[in-house]
Number of protein chains: 2
Amino acid sequence: MSKHRMTKQKTLILAIVKSTTCHPTADWVYQEARKEMPKISLGTVYRNLRLLVEMGAIMELNYGSSFSRFDGNPENHYHFVCINCDKVTDIAFKEPLDLNSKVVDNVEILFHRLEIYGYCKECQGSRKQGTENKSRESE
Amino acid sequence: MSKHRMTKQKTLILAIVKSTTCHPTADWVYQEARKEMPKISLGTVYRNLRLLVEMGAIMELNYGSSFSRFDGNPENHYHFVCINCDKVTDIAFKEPLDLNSKVVDNVEILFHRLEIYGYCKECQGSRKQGTENKSRESE
DNA sequence: ATATATGCAAACGATTTGCCACTAA
DNA sequence: TTAGTGGCAAATCGTTTGCATATAT
C-alpha cells in the first residue's frame with residue numbers, strides 16, 4: 001500500500017466532489033477543477049478520484065451509463081434516477097430494508113447497491129413528449 | 001420502429017444467452033457464437049445483444065465493471081455478485097421488498113435495481129489470501 | 001424486390017498509463 | 001532526499017458505426 005500525499009490537486013478534487021449534491025461525472029469535476037487550477041490534467045482528476053474512492057472518502061456510482069458518477073457522501077445510501085432527465089438525487093426509506101433476514105439462501109450480504117428509477121418531481125407533470133423510455137428505441 | 005428479421009445470427013445469440021446461467025459478457029457470447037458460426041463478427045454480436053435487450057428478450061446488467069453482462073432471464077430478479085471471484089448468480093427473497101411503501105418521498109418507483117455483494121459459497125471458506133478487496137489496491 | 005442485417009475495420013468515448021519533471025514528507 | 005504525484009499525450013478497452021455486400025421477408 002502506498003502512503004498518500006495531500007496535494008493541492010487532491011484537496012481541490014475532494015472539495016469539489018464534497019461541495020455538490022449533483023453526483024458529478026469525472027469530466028464535470030475536471031471542468032470545475034480547471035476554474036481553480038487551469039493546468040490540472042484530466043488524468044490527475046481520474047487518478048485522484050480513484051484514490052479517493054479507495055480511501056473511502058467518496059463513492060463511485062454507475063448507472064448503466066457508459067461513465068461513472070461520484071458522490072461526496074461515502075456512507076451507504078440510495079439514489080433515485082430520473083428516467084426522463086437523468087438527474088440523480090438521494091432517496092431514503094422509512095425503515096431499514098433488512099435484506100439479510102429476507103434473503104432465501106444463507107449467504108452473507110456484505111453490502112448492496114440499490115437504485116430507484118422513476119420520474120423526478122420536475123419531470124412528473126411534464127410526462128408529455130411520450131418519452132416514457134428515453135433510450136435508443138428511436139429510428 | 002423497425003421490424004426485426006430473425007436471422008441465423010440473432011437466433012444463435014439468443015440461444016447462447018438463454019442457454020447459460022453465467023450472465024455472460026458480450027465477448028463470451030462472441031466466443032461461443034464463433035464455435036457455431038466462425039465468421040460472425042463482434043459488431044453483429046453487440047448489435048444483436050442490444051436488439052434483444054430492446055425487444056425485452058434478454059436483460060443487460062452492469063456491475064461497476066467497465067463492461068456489461070447479459071442475462072437470458074428478462075424478468076426482474078436480483079443478483080448476487082461474489083466480491084472474490086466476480087461470479088454472478090441469481091438470488092431470491094422470501095417476501096417482496098415493497099419499496100414503494102417504504103420510500104420517504106412521495107415519488108413513484110417505476111423500477112429498481114438491486115445487487116447484493118458478498119462471498120459466494122465457494123469463496124466463503126477460502127477467504128484466505130487477504131483478498132478482502134480484489135480491486136486494484138495492489139502494487 | 002427491398003429494407004434490414006452482416007462482416008469488416010475504423011471510429012469512438014471514457015478511462016488508464018508511461019514517462020519525466022515536480023513536490024510534499 | 002526521495003517516493004509519491006502531476007502534466008501531457010499516447011494507449012487501452014469495451015462498444016458503436018460507416019459502408020458495401022448479403023439475405024430474410
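Worth saying up front: this structure is predicted, and the values here are computed from it rather than measured. Chain letters run A, B, ... following the sequence lines, proteins first and then strands; every chain starts at 1.
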Indicate, with a heavy-atom threshold strictly under 4.0 Å, whether B:N48 touches base, sugar-phosphate, or nothing.
sugar-phosphate
Give one of base, sugar-phosphate or nothing for B:T25, where a contact means two heavy atoms less than 4.0 Å apart. nothing
Exercise. Does NZ in A:K102 sit with more than 12 non-hydrogen atoms of other residues, nucleotides or ligands closer than 6.0 Å?
Worked result: yes
Original post:
Should the heavy atoms of other residues, nucleotides or ligands under 6.0 Å from CD of B:E36 be counted, would the total exceed 12?
Top reply: no
Separation of [N] [atom2] from [X] [atom1] (nearest whole Å):
{"X": "A:K3", "N": "D:dT2", "atom1": "NZ", "atom2": "P", "result": "13 Å"}
{"X": "A:E60", "N": "C:dT15", "atom1": "CD", "atom2": "C1'", "result": "10 Å"}
{"X": "A:M55", "N": "D:dG4", "atom1": "CE", "atom2": "P", "result": "15 Å"}
{"X": "A:Y30", "N": "C:dG13", "atom1": "OH", "atom2": "P", "result": "16 Å"}
{"X": "B:L61", "N": "D:dG14", "atom1": "CG", "atom2": "P", "result": "17 Å"}
{"X": "A:L12", "N": "D:dT5", "atom1": "CG", "atom2": "P", "result": "16 Å"}
{"X": "A:E54", "N": "C:dT15", "atom1": "CD", "atom2": "P", "result": "15 Å"}
{"X": "B:L51", "N": "D:dT15", "atom1": "CG", "atom2": "C1'", "result": "14 Å"}

Nearest to the side chain of [X] - [options]?
{"X": "A:K10", "options": "D:dT5, D:dT17, C:dA5", "value": "D:dT5"}
{"X": "A:F67", "options": "C:dT16, C:dA14, D:dT15", "value": "C:dA14"}
{"X": "B:R50", "options": "C:dT15, C:dT17, D:dT16", "value": "D:dT16"}

Using a cut-off of strictly less than 4.0 Å, decide whether [X] has a side-chain nitrogen or oxygen near OP1 or OP2 of [N].
{"X": "B:Y46", "N": "D:dT15", "value": "yes"}
{"X": "B:Q9", "N": "D:dA24", "value": "no"}
{"X": "A:S68", "N": "C:dT15", "value": "yes"}

One would report the end-axis bend of the helix from C:dA1-D:dT25 to C:dA25-D:dT1, five pairs per end and rounded to 10 degrees, as 40°
Assert: residue with more 5' nearest nucleotide on DNA chain D, out of B:F70 and A:V45, is A:V45
When rounded to the nearest 0.5 angstrom, what distance separates [atom1] in [X] from [atom2] in [Y]?
{"X": "B:H23", "Y": "B:H79", "atom1": "NE2", "atom2": "NE2", "result": "3.5 Å"}
{"X": "B:I58", "Y": "B:M55", "atom1": "CD1", "atom2": "CE", "result": "9.5 Å"}
{"X": "B:E115", "Y": "B:I91", "atom1": "CD", "atom2": "CD1", "result": "11.5 Å"}
{"X": "A:L114", "Y": "B:Y78", "atom1": "CG", "atom2": "OH", "result": "8.0 Å"}

Any donor-acceptor N/O pair, A:K10 side chain to A:L52 backbone, under 3.5 Å: no
Check: Is the backbone N or O of B:L110 less than 3.5 Å from a side-chain atom of B:H112, with the two atoms forming a donor-acceptor pair by type?
Finding: no
Per-nucleotide protein contact along nucleotides 20-25 of chain C, 5' to 3', at a 4.0 Å heavy-atom cut-off (B base, S sugar-phosphate only, - neither), is ---BBS
Check: Any side-chain heavy-atom pair from A:F80 and B:V103 closer than 4.5 angstrom?
Finding: no
Heavy-atom side-chain proximity of A:S101 to B:E95 below 4.5 angstrom: no
Between the protein and nucleotides 8-11 of chain D, list the N/O to N/O atom pairs that are separated by less than 3.5 angstrom.
{"from": "D:dC8", "atom 1": "OP2", "to": "A:K39", "atom 2": "O", "distance (Å)": "3.4"}

side-chain contact (heavy atoms from CB on, under 4.5 Å) between A:I40 and A:I13: does it pass, once the steps are laid out? CA-CA 10 Å; A:I40 198 170; A:I13 289 166; 4.2 Å; yes
Path from B:L42 to B:I16 over hydrophobic side-chain contacts below 4.5 Å
yes
